[in-house]
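Everything on this sheet refers to the single structure shown next.
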Amino acid sequence: MIDVSLALEMHAIPGGITVIRREPGGYVDGRTVPGAEVRIEGVEAAVLPAGTEDIELLPEGMRSKESKAIWTHFALRTGHAHGSLPDRIELQGVTYEVHAIRDFQAMAGYTKAIAVRVSS
């Protein structure tokens, strides 16, 4: 496995990205209550426009939207595990939602995520 640490450091976004980790909501007295939201700022990441192979990992309805490929040592999540919501990424004032990952944390200590721009 290739060590991407040097490439990640060389191409990292200055100041890092902000990861917004969202937990699912619940019900209190029959009313919906939003889940907790944690903001993690300054996460080191390299971000590039998603390539053709990256876009193919997305569901068909999202393939035409602006998307980014993100490499980071931070373990991003799509939200499919444990009923959680997908992580969101803030980058230069724009919010993206993680919809696909390639998890290389155990082998190489990084995650490659494909995130789609959230409509404002």
Side-chain angles (χ1 to χ4, degrees):
M1 185 61 59
I2 298 171
D3 182 5
V4 299
S5 295
L6 182 60
L8 210 159
E9 288 173 21
M10 289 175 54
H11 299 286
I13 300 291
I17 61 173
T18 299
V19 176
I20 303 166
R21 176 126 316 152
R22 304 172 304 144
E23 298 300 331
Y27 294 93
V28 174
D29 296 328
R31 294 184 183 188
T32 305
V33 177
E37 188 174 281
V38 177
R39 295 175 66 84
I40 303 123
E41 298 188 17
V43 174
E44 183 179 55
V47 180
L48 295 170
T52 304
E53 289 180 15
D54 300 326
I55 292 170
E56 289 177 3
L57 295 173
L58 298 172
E60 278 191 43
M62 295 188 176
R63 292 181 184 173
S64 62
K65 295 182 179 182
E66 180 187 345
S67 55
K68 301 286 184 187
I70 302 163
W71 287 264
T72 181
H73 294 296
F74 188 86
L76 294 168
R77 64 185 188 193
T78 60
H80 301 299
H82 313 295
S84 60
L85 297 171
D87 285 339
R88 287 192 169 177
I89 307 297
E90 282 185 359
L91 174 64
Q92 300 170 337
V94 178
T95 302
Y96 298 85
E97 191 168 80
V98 176
H99 283 278
I101 60 169
R102 296 239 171 149
D103 186 358
F104 298 105
Q105 290 292 334
M107 294 183 292
Y110 76 96
T111 297
K112 179 181 179 186
I114 310 305
V116 176
R117 186 176 183 153
V118 175
S119 300
S120 358

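Atom set for the values below is all heavy atoms of this structure, side chains included, hydrogens, waters and symmetry mates excluded.
- Here V28 is tied into one hydrophobic group with V33, each link being a pair of ILVMFWY side chains closer than 4.5 Å.
- Looking at I89 and L76, their side chains come closer than 4.5 Å, going by heavy atoms from C-beta outward.
- T78 places no side-chain N or O within donor-acceptor distance of the main-chain N or O of V98, the cut-off being under 3.5 Å.
- Considering only residues two or more places apart in sequence or on other chains, R31 meets the side-chain hydrogen bond (donor to acceptor under 3.5 Å, both in side chains) condition with none of them.
- Pairing each heavy atom of Y96 with each of V118, the nearest pair is C-CG2, 4.0 Å.
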Donor-acceptor pairs under 3.5 Å, side chain of residues 49-57 to any protein atom, not counting sequence neighbours: which ones?
from : atom 1 : to   : atom 2 : distance (Å)
D54  : OD1    : K112 : NZ     : 2.7
D54  : OD2    : G51  : N      : 2.9

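- V94 and M62 are not part of a single hydrophobic cluster, where members link through side-chain heavy atoms under 4.5 Å apart.
- Here Q105 pairs with T111 under the side-chain hydrogen bond (donor to acceptor under 3.5 Å, both in side chains) rule; sequence neighbours left out.
- Other residues, nucleotides and ligands contribute at most 12 non-hydrogen atoms within 6.0 Å of the CZ atom of R102.
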Residues 15-24 side chain polar contacts: donor-acceptor under 3.5 Å, at least two apart:
from : atom 1 : to  : atom 2 : distance (Å)
R21  : NE     : D87 : OD1    : 2.8
R21  : NE     : D87 : OD2    : 3.4
R21  : NH2    : A75 : O      : 3.0
R21  : NH2    : D87 : OD2    : 2.6
R22  : NE     : P86 : O      : 3.2
R22  : NH2    : P86 : O      : 3.1
R22  : NH2    : E97 : OE2    : 2.9
E23  : OE2    : R77 : NH2    : 2.8

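- Applying the salt bridge (Lys or Arg N to Asp or Glu O under 4.0 Å) test to E66 and every residue at least two apart in sequence or in another chain returns K68, R117.
- The hydrophobic clustering, which links ILVMFWY residues whose side-chain heavy atoms are closer than 4.5 Å, places M107 and F74 apart.
- L48 approaches W71 most closely through the heavy-atom pair CD1-CZ3, 3.8 Å.
- Atom NE2 of H99 sits about 11.5 Å away from atom CD1 of I114, to the nearest 0.5 Å.
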